[in-house]
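Below: the structure, in C-alpha cells.
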Amino acid sequence: MTQIVTRFPPSPTGYLHIGGARTALFNYLYARQNGGKFILRIEDTDQARSTQEMTDAIIDAMHWLGLDFDEGPFFQSERGDIYNSYVDKLLETGGAYYCSCTPEEVEEMREMARANGLKPKYNGKCREMGLGPGPGRVVRFKTPLTGKVVFDDIIKGPIAWDVQEMDDFVIRRADGSAIYQMAVVVDDAEMGVTHVIRGDDHQNNTPKQILIYQALGFPLPKFGHVPMILGPDKKKMSKRHGATSVMMYKDMGYLPEAMLSYLVRLGWSHGDDELFTRDELLEKFSLEGLGKSASVFDMDKLNWTNSHFIKTGDVPRLAGLLGEIVRSTTQFDPAPEYLEAIVPLYQPRAKTLKEMAEQAAFFLHDAETLPYDGAAVAKFLTPEIREHLAVMASRMEALPAFDHKSLEDMAAAYLEETGLKFKALAQPIRVAITGTTMSPGLFETMEVLGRERTLARFRKALTL
RNA sequence: GUCCCCAUCGUCUAGUGGCCUAGGACGGCGGCCUCUCACGCCGCUAACAGGGGUUCAAACCCCCUUGGGGACGCCA
C-alpha cells in the first residue's frame with residue numbers, strides 16, 4: 001500500500017482563517033494517523049495579491065495550532081517552469097491549444113450564452129485553428145466534447161459532471177504563467193498527494209482537474225470536499241462576523257488545543273464525544289465521521305471548550321501564557337511564581353486567558369493604585385464594619401502562618417467571639433482586598449496575595 | 001440564468017429501515033451547593049423543512065417542491 005500524502009495549500013493573500021485551519025487539521029490528522037505525509041504548499045501564483053508577510057503569518061498560525069508539516073513550504077511561484085513543461089506537453093499531444101481571443105471577446109461570448117439562458121462559456125473559437133504561440137495568446141485546455149466526469153467524493157459520495165458544463169478553460173496566461181488548475185494538478189501529482197481534502201468551494205474545480213490528470217496520464221488521487229463554516233447568520237464567514245483569523249483567537253486568550261478540539265467538532269463527530277485532546281484526535285479521527293452539511297461557528301461552544309482546557313491545563317504553562325497577555329496589555333510584569341499561584345484560582349472561572357488577566361488584575365496592583373469600586377465601598381465598608389476589619393487586620397499581622405487554613409480559622413474564631421455571621425463580613429473583606437465585589441474564595445485570595453499585600457490593602461481600605 | 005452540493009432541537013451533532021414516544025453537547029430557563037463571582041451537580045426547554053411514493057415498518061431508501069450554500073475568471 002502506498003503512503004498516504006495530504007496537503008494544505010493556502011494562498012498567501014490573507015491570514016489563516018477558521019475554515020482553512022479546520023481543513024488543514026483534517027489533512028494533518030489523516031496523514032498523521034496513517035503514518036503518511038502532510039505537505040504545506042503556498043499557492044502564490046497570483047503574484048499581485050500574494051505577500052511574504054501573509055506566508056509567514058499562515059505558518060505562524062499553523063505552528064501555534066501544532067499542525068506541523070513534513071514537507072514544504074513549497075512555493076508555486078518557484079515552480080513555473082515545471083507547470084509550463086506540462087502545458088507544453090499538453091500542447092504537443094493535442095490536449096491544449098493556443099487561443100488568440102481577447103478577454104473582451106471572451107466576455108462577449110459569455111454574455112451571449114447568458115442571454116440564451118445557458119451557462120457562460122468560452123465558445124471554442126480557436127479550438128481547431130492550429131494557432132501557434134504569439135503575443136496575447138493564452139493556452140486553453142481542450143475539454144472533451146461529450147461524456148461525463150464521475151468521481152467518488154470521500155465525504156459526499158458519487159458526483160457526476162457533464163463535460164458540456166465546462167468550457168475550454170485557460171491553463172496558461174498570455175504572460176506565460178500557468179493558472180491554478182494546472183498548478184494544483186501538477187503539484188499534487190508530482191508531490192504524490194493521495195488524498196485531496198479541501199473546501200467545498202473547490203468541488204466545482206474537481207472535474208476540470210480530473211480532466212487534466214487524465215490528459216497528463218497522472219494517477220487520480222481521492223477527493224474529499226468538506227462543507228464550509230458559516231457565520232451566526234448562516235452566511236459565509238467574513239470579516240463582519242468578527243474574528244475569522246486564527247491568530248485573533250490566540251490574542252483573545254484561546255488555547256490552541258481548545259481551537260483544535262472545537263474546530264474538529266465542526267463538521268466531524270465521533271459518537272457523543274465532545275472534547276478531544278490532540279492524542280485522542282490522532283486516535284479517533286476518521287474520514288467517515290465527516291459530515292456533509294455546512295456548520296455555523298458558535299462562540300458559546302468555543303468558550304465552553306476553551307474553559308474546559310483552561311480548567312484542565314498545566315498551571316505553569318497557563319501562567320506563562322497569562323504573563324504574556326499581562327505584559328502586552330498592562331504595565332505589570334509579575335513574577336512567574338506569583339502567576340502560578342493566581343492561575344489555579346481562575347481555572348474554574350475564566351473562559352479565556354484574556355478574561356483571566358482582566359479578572360485577576362487586582363492581584364497585580366499595589367494598594368495605592370488599586371482601583372476601588374466606590375459604590376461597593378459605600379455599601380460594605382460601613383463605620384461599624386471598619387472596626388471589625390481593623391481588629392482582624394491586627395490579628396492577621398500576628399498569624400504564625402499566612403495560609404488560607406490559618407486565615408479561615410482566625411476568621412472563624414473572630415466570628416465566634418463577636419457572634420457575627422460570616423456573610424456580614426465576607427463582602428466587606430472582599431471589597432477591602434480586591435476593590436470589587438467579585439473574586440475567588442476570600443482566604444485563597446488572601447493567601448496568594450500574601451501577608452504584606454493583604455495588610456496594605458486593609459490599611460488602604462480603612463482610609464477610604 | 002445554468003450546473004453542482006446540502007437539509008434532525010436556536011447552534012454543533014448521534015442516528016445508516018424496526019432498539020426513536022429521536023440520544024448527547026453548547027446555549028437558555030429553573031433548582032441545589034455557596035463568603036461574592038464562577039465551578040460542579042440535578043431538572044426542564046427544543047428538532048426529523050413540506051409533499052408524494054417504496055415497505056408489514058421510514059429521521060433513515062426514491063421522486064418532487066421549498067430553502068440554503070457553492071461554482072460558472074488570463075483569482076486561488
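Letters A, B, ... mirror the listed sequences (proteins, then strands); counts begin at 1. Computed from a predicted model, the values in this text were never measured in an experiment.
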NA contact type, [X], heavy-atom cut-off 4.0 Å: base, sugar-phosphate, or nothing?
{"X": "A:Arg114", "value": "nothing"}
{"X": "A:Leu442", "value": "base"}
{"X": "A:Cys101", "value": "base"}
{"X": "A:Gly267", "value": "sugar-phosphate"}
{"X": "A:His225", "value": "nothing"}
{"X": "A:Lys121", "value": "nothing"}
{"X": "A:Pro9", "value": "nothing"}
{"X": "A:Ser269", "value": "sugar-phosphate"}
{"X": "A:Val296", "value": "sugar-phosphate"}
{"X": "A:Gln181", "value": "base"}
{"X": "A:Glu43", "value": "sugar-phosphate"}

With a 3.5 Å cut-off and heavy atoms only, can you find an N or O donor on one side and an acceptor on the other between the side chain of [X] and the base of [N]?
{"X": "A:Asn205", "N": "B:A76", "answer": "yes"}
{"X": "A:Arg349", "N": "B:C37", "answer": "yes"}
{"X": "A:Asn204", "N": "B:G70", "answer": "yes"}
{"X": "A:Glu274", "N": "B:G24", "answer": "yes"}
{"X": "A:Asp272", "N": "B:G23", "answer": "yes"}

Short side-chain N/O contact to [N] OP1/OP2 from [X], under 4.0 Å:
{"X": "A:Arg49", "N": "B:A76", "answer": "no"}
{"X": "A:Ser177", "N": "B:C74", "answer": "no"}
{"X": "A:Lys234", "N": "B:U11", "answer": "yes"}
{"X": "A:Lys208", "N": "B:A71", "answer": "no"}
{"X": "A:Arg198", "N": "B:G70", "answer": "no"}
{"X": "A:Ser439", "N": "B:C37", "answer": "no"}

Would [X] and [Y] count as a close aromatic pair, with their ring centres under 6.0 Å?
{"X": "A:Phe443", "Y": "A:Phe422", "answer": "yes"}
{"X": "A:Tyr180", "Y": "A:His202", "answer": "yes"}
{"X": "A:Tyr86", "Y": "A:Phe218", "answer": "yes"}

Backbone N/O of [Y] and side chain of [X]: donor-acceptor pair under 3.5 Å:
{"X": "A:Tyr414", "Y": "A:Met392", "value": "no"}
{"X": "A:Asn116", "Y": "A:Leu118", "value": "no"}
{"X": "A:Asp44", "Y": "A:Pro12", "value": "no"}

Euclidean distance, atom CH2 of residue A:Trp161 to atom P of B:G70 [Å, nearest integer]:
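That distance rounds to 15 Å.
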Take atom NZ of A:Lys235 and atom P of B:U11, then tell me their distance rounded to the nearest Å.
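Nearest whole value for this atom pair: 14 Å.
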Among [options], find the nucleotide with the atom closest to the side chain of [X].
{"X": "A:Pro120", "options": "B:G1, B:C5, B:C12", "value": "B:G1"}
{"X": "A:Met228", "options": "B:G69, B:A76, B:C12", "value": "B:G69"}
{"X": "A:Lys156", "options": "B:C12, B:C5, B:C74", "value": "B:C5"}
{"X": "A:Asp300", "options": "B:G70, B:C26, B:A7", "value": "B:C26"}
{"X": "A:Asp298", "options": "B:G10, B:U2, B:G24", "value": "B:G10"}
{"X": "A:Lys423", "options": "B:C12, B:A76, B:C35", "value": "B:C35"}
{"X": "A:Lys292", "options": "B:C35, B:C6, B:A25", "value": "B:C6"}
{"X": "A:Ile159", "options": "B:C4, B:G1, B:G73", "value": "B:C4"}
{"X": "A:Pro103", "options": "B:C74, B:G24, B:C6", "value": "B:C74"}
{"X": "A:Lys119", "options": "B:C35, B:A71, B:C5", "value": "B:A71"}

Any strand is fair game: report the nucleotide pairing with B:C44 by Watson-Crick or G-U wobble, both distances under 3.5 Å, or none.
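Across all strands, the one nucleotide that pairs with B:C44 is B:G28.
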cation_pi(A:Lys208, A:Phe169) dist<6.0 Å, angle<=45:
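Flagged: A:Lys208 positioned over aromatic ring of A:Phe169.
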Out of A:Leu353, A:Thr305, A:Asn303, which residue meets the side-chain contact (heavy atoms from CB on, under 4.5 Å) rule with A:Tyr254?
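Checked A:Leu353, A:Thr305, A:Asn303 against A:Tyr254; only one passes side-chain contact (heavy atoms from CB on, under 4.5 Å): A:Asn303.
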Classify the glycosidic conformation of B:C39 as syn or anti, calling it syn when the angle lies within 90° of 0.
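Here the answer is syn: the torsion falls within 90° of 0.
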